[in-house]
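Keep in mind that the numbers below use all heavy atoms, side chains included, and drop hydrogens, waters and symmetry copies. Since the model is a prediction, treat every value here as computed from it, not as a measurement.
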Amino acid sequence: MKTIAENYLLDALRTFESYKKLAERAIDQIDEKEFFVVADSESNSAAVLVKHISGNLRSRFTDFFTTDGEKPDRNRDREFELESETREGLMADWDKNWTILFSLLEKMKAEDLSRTVTIRSQPHTVLEALNRQMAHYSYHVGQIVFISKMLRSGSWKSLSVPKNQSAGFNDFMSETGHKSGKHALEGTEEFVSKGEKL
């Protein structure tokens, strides 16, 4: 029987993995040109959001226990500017930097959650630091999904429970979710995929 702390770490890993996958399923629906589209001067493209999340991951989770989460070599402002980056290069960095977080979480022990780390010189328990980043990434992943959906319009393939299918999704999760221990976002993906094949 897992402790609450062990369950938290497993759920945190699965939640971060699900947000990564959710962003990628949205990005997969837009083409090279759309990846870089900016609605206006105050908006970000999917490409910029990928670059920012990637930079944040590297800074926060490299040497997580021993250095400040805001690394001295990070230039956050430049994460919101694109120079000669390509979609392929940005997505390669994205994968590499998510791996830093996933590797850390896979090695983390329950007792680590109460350890103290710093972000911008401010102390956080590891639990607080993980929750902070979970909220941050979910915010930006939501933006990536919104941008991609706006660009795809009528040809958008739903990433969540489609309209008027909540009852069907509830039945699906009741039948399959508890048996497999599915994370909610995994269940949604499987439900949508099942509907597309019918």
Side-chain angles (χ1 to χ4, degrees), residues 11-61 74 76-102 105 130-166 168-170 172-173 177 182-198:
D11 188 65
L13 175 61
R14 293 172 71 191
T15 299
F16 281 120
E17 288 173 338
S18 293
Y19 283 131
K20 176 182 186 285
K21 193 168 188 181
L22 185 64
E24 290 167 352
R25 289 172 61 215
I27 291 165
D28 285 347
Q29 295 192 50
I30 58 177
D31 63 29
E32 182 83 19
K33 183 177 177 184
E34 291 167 333
F35 184 62
F36 294 95
V37 164
V38 180
D40 56 52
S41 61
E42 292 300 311
S43 299
N44 294 310
S45 63
V48 161
L49 291 167
V50 164
K51 184 177 179 181
H52 169 57
I53 293 171
S54 186
N56 185 277
L57 282 160
R58 183 195 65 79
S59 185
R60 293 290 183 267
F61 296 110
R74 182 187 186 201
R76 181 184 177 279
D77 292 336
R78 292 202 52 199
E79 293 168 10
F80 293 91
E81 299 170 4
L82 294 174
E83 295 166 0
S84 58
E85 290 93 343
T86 64
R87 176 171 173 156
E88 183 180 10
L90 288 170
M91 294 310 294
D93 282 344
W94 164 271
D95 283 333
K96 179 177 73 176
N97 291 314
W98 276 104
T99 299
I100 296 169
L101 169 58
F102 297 152
L105 285 171
L130 292 174
N131 285 343
R132 172 179 172 154
Q133 296 315 118
M134 207 176 297
H136 184 199
Y137 301 148
S138 67
Y139 171 72
H140 286 312
V141 167
Q143 292 175 320
I144 290 170
V145 171
F146 179 80
I147 291 165
S148 302
K149 185 175 182 179
M150 180 183 66
L151 291 167
R152 285 292 88 210
S153 188
S155 62
W156 175 253
K157 293 178 184 173
S158 181
L159 303 178
S160 61
V161 179
K163 288 181 182 179
N164 302 314
Q165 294 188 35
S166 295
F169 176 67
N170 291 342
F172 174 77
M173 288 301 286
K182 287 186 195 319
H183 190 280
L185 291 174
E186 294 170 322
T188 304
E189 179 185 5
E190 191 175 323
F191 177 74
V192 170
S193 176
K194 178 176 171 260
E196 289 172 356
K197 292 173 185 172
L198 296 177

Report summary line: Closest heavy-atom pair, Trp94 versus Ser54, reported as atoms and distance to 0.1 Å, is N-OG, 3.6 Å
Query - Over 12 foreign heavy atoms within 6.0 Å of CD, Glu83 - result: yes
Query raised in the report: Is the closest side-chain heavy-atom distance between Ile147 and Ile30 below 4.5 Å?
Result: no
Query raised in the report: Quick one: does Ser45's side chain get under 4.5 Å of Val38's, heavy atoms only?
Result: yes
Requested in this report: Keeping the roles fixed (side chain from Arg87, backbone from Phe35), state whether a donor-acceptor pair exists under 3.5 Å.
Outcome: no
Query raised in the report: With a 4.5 Å heavy-atom cut-off, do Leu22 and Tyr137 have their side chains touching?
Result: no
Query raised in the report: Under 3.5 Å, is there a donor-acceptor pair between the side chain of Gln29 and the main chain of Lys157?
Result: yes
**Report entry** Close side-chain approach of Phe102 to Leu57, heavy-atom, < 4.5 Å
**Finding:** no
Query raised in the report: If you measure only the distance, is there a donor-acceptor pair under 3.5 Å linking the side chains of Glu79 and Asn56?
Result: no
Query raised in the report: Does the pair Arg14/Asp11 count as a salt bridge with the N-to-O cut at 4.0 Å?
Result: no
Query - Sidechain-backbone polar pair: Lys51 side chain, Glu81 backbone, donor-acceptor under 3.5 Å - result: yes
Report task. Applying salt bridge (charged side-chain N to carboxylate O under 4.0 Å, His left out), run through Arg25 and Asp28 and close with a yes or a no. Result -> CA-CA 5 Å; Arg25 289 172 61 215; Asp28 285 347; over 6 Å; no
**Report entry** Expected output: side-chain Ser59 to main-chain Arg74 donor-acceptor under 3.5 Å
**Finding:** no
Query raised in the report: If you draw a 6.0 Å radius around CZ in Arg132, do more than 12 non-hydrogen atoms from other residues or ligands fall strictly inside?
Result: yes
**Report entry** Charged N-O contact under 4.0 Å between Glu24 and Lys20
**Finding:** yes
Query - Any residue meeting ring pair (Phe, Tyr, Trp, His ring centres under 6.0 Å) with Tyr139, in chain and number order, not counting sequence neighbours - result: none
Query raised in the report: Which residues pass the ring pair (Phe, Tyr, Trp, His ring centres under 6.0 Å) test with Phe146, sequence neighbours left out?
Result: none
